[in-house]
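One structure below.
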Amino acid sequence: QVHLVESGGRLVQAGDSLRLSCAASGGEFGLYSMGWFRQAPGKEREFISAISRPNGRTTDYADSVKGRFLISRDNSKNTMYLEMSSLNPEDTGIYYCAADFSYGSVKSGNNVAYWGQGTQVTVSS
């Protein structure tokens with residue numbers, strides 16, 4: 001029902017900044033809480049950030065990215081963003097966007113209704 005497509009991932013150097021986008025189609029974007037997750041090779045997917053529906057009043061961040069990453073959404077464009085700064089090699093991984101009616105589901109990563117295909121972020125030292 002809902003199709004999510006991430007973009008913006010690329011190879012960057014430590015200390016650089018990068019903005020990821022997640023474009024949604026096939027549903028009413030404002031009805032969904034949204035989130036970002038990442039997965040490094042050989043590791044489990046981990047929570048990065050979440051933003052509530054419809055206007056993003058509530059946000060949450062993993063401790064590892066707090067103060068460096070900023071999540072936002074533009075409902076007029078059906079798009080969610082993740083602005084990343086002060087990147088380090090530990091930020092390397094595939095970044096996925098997620099959508100669900102429930103903010104709790106997005107924050108926990110459990111029972112998430114929709115996932116994107118992921119975009120690769122690689123941070124060199």
Side-chain angles (χ1 to χ4, degrees):
Q1 185 65 39
V2 175
H3 184 55
L4 305 174
V5 179
E6 303 93 335
S7 62
R10 61 182 177 91
L11 173 65
V12 298
Q13 295 181 355
D16 283 356
S17 297
L18 193 63
R19 187 178 77 165
L20 306 182
S21 299
C22 173
S25 62
E28 183 61 48
F29 185 70
L31 294 178
Y32 294 93
S33 292
M34 305 289 296
W36 287 99
F37 296 76
R38 74 183 175 202
Q39 186 171 23
K43 297 183 179 179
E44 292 188 351
R45 183 185 60 217
E46 65 175 336
F47 169 79
I48 296 299
S49 186
I51 186 165
S52 62
R53 64 172 181 172
N55 58 6
R57 176 179 292 179
T58 300
T59 59
D60 285 278
Y61 297 90
D63 288 342
S64 61
V65 306
K66 196 171 298 181
R68 299 189 298 119
F69 289 13
L70 180 67
I71 191 171
S72 62
R73 65 189 297 161
D74 186 341
N75 291 346
S76 70
K77 298 181 179 179
N78 293 341
T79 302
M80 175 184 63
Y81 304 96
L82 184 68
E83 296 175 86
M84 305 181 291
S85 63
S86 301
L87 287 165
N88 57 66
E90 288 69 44
D91 295 315
T92 293
I94 303 175
Y95 284 70
Y96 298 91
C97 65
D100 198 278
F101 290 156
S102 169
Y103 185 76
S105 292
V106 172
K107 185 178 178 181
S108 70
N110 296 326
N111 299 315
V112 173
Y114 302 103
W115 292 95
Q117 85 291 346
T119 185
Q120 177 71 45
V121 174
T122 303
V123 185
S124 64
S125 60

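Along the sequence shown, residues are numbered consecutively beginning with 1. Computed from a predicted structure; not experimentally measured.
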Query - Worked check of side-chain contact (heavy atoms from CB on, under 4.5 Å) between H3 and Y114 - result: CA-CA 7 Å; H3 184 55; Y114 302 103; over 6 Å; no
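We find the OG-CG distance between S124 and L87 to be 10.5 Å, quoted to the nearest 0.5 Å. In this structure, the separation between CG on L82 and OG1 on T119 is 11.0 Å, given to the nearest 0.5 Å.
At least one donor-acceptor pair under 3.5 Å links the side chain of T79 to the backbone N or O of K77. In this structure, N75 contributes its side chain and P54 its backbone to a donor-acceptor pair below 3.5 Å. Within the 3.5 Å criterion, the main-chain N or O of F29 finds a donor-acceptor partner in the side chain of R73.
When all heavy atoms of A99 and V112 are compared, the closest pair comes out as O-CG1, 3.6 Å. Minimum heavy-atom separation, D100 to N111: OD2-O, 3.0 Å. Of all the heavy atoms in A50 and V106, the pair that sits closest is CB-CG1, 3.9 Å. The two residues L4 and C22 come nearest to each other via the heavy atoms CB-SG, 4.1 Å. Considering every non-hydrogen atom in both I71 and W36, the closest pair reads CD1-CD1, 3.7 Å. Closest heavy-atom contact between I48 and V65: O-CG2, 3.7 Å.
For the pair T58/I51, no side-chain contact is recorded, criterion being any heavy-atom separation below 4.5 Å from C-beta on. Two residues are said to be in side-chain contact when any heavy atoms from C-beta on lie closer than 4.5 Å; D91 and V121 fail this criterion. Taking the side chain as every heavy atom from C-beta outward, C97 and M80 approach each other to under 4.5 Å. Inter-residue side-chain proximity for I94 and F37 is flagged as unmet; no heavy-atom pair is nearer than 4.5 Å.
Checked against salt bridge (Lys or Arg N to Asp or Glu O under 4.0 Å), K66 has the following partners two or more places apart in sequence or in another chain: D63. For the side chain to side chain contact (heavy atoms under 4.5 Å, CB included) test, residues two or more places apart in sequence or in another chain that qualify with S86 are R68.
More than 12 heavy atoms of other shown residues, nucleotides or ligands fall within 6.0 angstrom of atom CG in N55.
Pairs engaging residues 41-54 under the side-chain hydrogen bond (donor to acceptor under 3.5 Å, both in side chains) rule: R38-E46 [sequence neighbours left out]. Pairs engaging residues 5-33 under the side-chain hydrogen bond (donor to acceptor under 3.5 Å, both in side chains) rule: E6-Q117 [sequence neighbours left out]. Within the structure, ring-ring contact (aromatic ring centres under 6.0 Å, His included) contacts touching residues 57-100 (residues at least two apart or in different chains) do not occur.
No single ILVMFWY cluster, assembled from side-chain heavy atoms under 4.5 Å apart, contains both Y103 and V2. The same ILVMFWY cluster, assembled from side-chain heavy atoms under 4.5 Å apart, contains both F101 and M34. Under a hydrophobic-cluster definition in which Ile, Leu, Val, Met, Phe, Trp and Tyr are linked whenever side-chain heavy atoms come within less than 4.5 Å, directly or via other members, F47 and W115 are assigned to the same cluster.
Chaining together hydrophobic side chains whose heavy atoms lie under 4.5 Å apart leaves V5 on its own.
D74 and S76 are linked by a side-chain donor-acceptor pair at a separation below 3.5 angstrom, with hydrogens and angles left out of the test. A side-chain donor from one of T122 and Q120 sits under 3.5 Å from a side-chain acceptor of the other.
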